[in-house]
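See structure below.
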Amino acid sequence: MQPLIVVNFKTYATAMGQKAVELAQAMERASNEHVRMVAVVSAFDLHAVKLAAPTLEVWSQHLDPVGQGSFTGWLQPENAIERGAEGTIINHAEHKVDMNHVQALMEQLPDEFPICACAADVEEAHHLAELGPTFIAVEPPELIGGDISVTTADPAIVSDTVAAVRNINSKVRVLCGAGVKDGKDVQTAVELGAHGVLLASGVTKASDVEAVLADLVAGLE
Ligand code: G3P
């Protein structure tokens with residue numbers, strides 16, 4: 001199983017619209033057979049990114065468990081899939097939902113559609129694991145957007161989440177995120193038992209994006 005490097009574009013100016021397309025193309029160029037690279041883009045950009053970087057896996061940043069009809073303004077799953085979404089994150093620290101939302105979404109989406117549920121701590125990861133999403137990404141909110149990687153600041157939260165999730169459902173894979181910046185952080189995450197990382201600012205705020213992407217994947221070859 002290849003480790004995942006999941007880049008959340010959020011609403012960074014460097015990762016929206018045409019910039020999202022260019023960043024996705026850079027990720028596509030940096031990809032190799034040893035890594036599963038995923039771009040998590042704004043719903044507005046799904047289609048353009050998928051067209052411009054067809055071999056790159058593209059996820060939505062959020063989805064709502066609503067049907068087709070009277071649901072103004074919601075992110076409707078079938079519509080997202082039709083526009084290129086091949087997976088989604090849910091319950092991100094910046095877009096929290098309740099457990100019923102996660103459960104309803106899992107019931108609505110096809111079995112093979114990856115869902116990465118985010119958790120702030122081991123306890124939340126434990127509850128989410130009971131629902132059985134494809135991935136759980138543990139991200140301490142206070143480290144998000146900061147300079148110190150979760151793998152350095154709090155390695156125990158990663159290994160404890162891996163152990164807790166494995167106990168409940170060994171099919172659920174764990175990612176970690178917050179402050180992840182370089183290939184060393186990715187390697188440490190893998191050593192701690194994670195299946196990869198979820199990161200944003202390390203890529204979206206980089207002055208040399210190509211160099212950062214190359215470094216992120218370097219240790220995995
Ligand atoms: O979704 C990833 C994110 O919340 C971590 O952000 O900027 O700390 O890599 P960042």
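Just follow the structure's listing: the first ligand is 1, and inside any ligand the first atom is 1. A quick note: this is a predicted structure, and the numbers were derived from the prediction, not measured.
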Item to complete: Select the closest option to atom 2 (C) of ligand 1 among E139, Q61, H95, judged by heavy-atom distance.
Response: E139
Worksheet item: Can a donor-acceptor pair be found between the side chains of E22 and Q18 at a distance below 3.5 Å?
Response: yes
Discussion item. Please check whether Y12 reaches ligand 1 - meaning an N/O of the residue sits under 3.5 Å from an N/O of the ligand, judged on distance alone.
Written reply: no
Worksheet item: Among side-chain atoms of N79 and Q68, is any donor-acceptor pair under 3.5 angstrom?
Response: no
Worksheet item: Can an N or O of G145 be found at a distance shorter than 3.5 Å from an N or O of ligand 1?
Response: yes
Item to complete: Can you label the angle between the H62 ring and the H95 ring as parallel, tilted or perpendicular, going by 30° and 60°?
Response: parallel
Worksheet item: For atom 7 (O) of ligand 1, which protein heavy atom lies nearest, and how many Å away is it?
Response: S201 OG, 2.5 Å
Worksheet item: Taking the non-hydrogen atoms of G179, is any one of them nearer than 4.0 angstrom to ligand 1?
Response: yes
Worksheet entry | Smallest separation among heavy atoms of Y12 and A200, with atom names | CE1-CB, 4.2 Å
Worksheet item: Out of T152, D147, T151, which residue meets the side chain to side chain donor-acceptor pair (under 3.5 Å) rule with S149?
Response: T151
Response to the item:
ligand 1 to N8, heavy atom cutoff 4.0 Å, flagged ligand atoms 1 (O)
Fill in: Closest protein heavy atom to atom 1 (O) of ligand 1, given as residue, atom name and distance to 0.1 Å
H92 NE2, 2.8 Å
Fill in: Value rounded to 0.5 Å, distance of CD in Q61 from CD1 in I90
11.0 Å
Worksheet item: Which of the atoms in ligand 1, numbered in the order shown and given with their element, are less than 4.0 Å from a heavy-atom of L198?
Response: 1 (O), 2 (C)
Worksheet item: Does K10 reach ligand 1, in the sense of a heavy atom lying below 4.0 Å from it?
Response: yes
Worksheet item: Is there a nitrogen or oxygen of E94 sitting under 3.5 Å from a nitrogen or oxygen of ligand 1?
Response: no
Worksheet entry | Geometric N/O contact A200 with ligand 1, under 3.5 angstrom | yes
Worksheet item: Side-chain heavy atoms under 4.5 angstrom apart, residues restricted to Ile, Leu, Val, Met, Phe, Trp, Tyr: same cluster for L56 and F44?
Response: no
Worksheet item: Can we say E78 and R83 salt-bridge, meaning some charged N sits less than 4.0 Å from an Asp/Glu carboxylate O?
Response: no
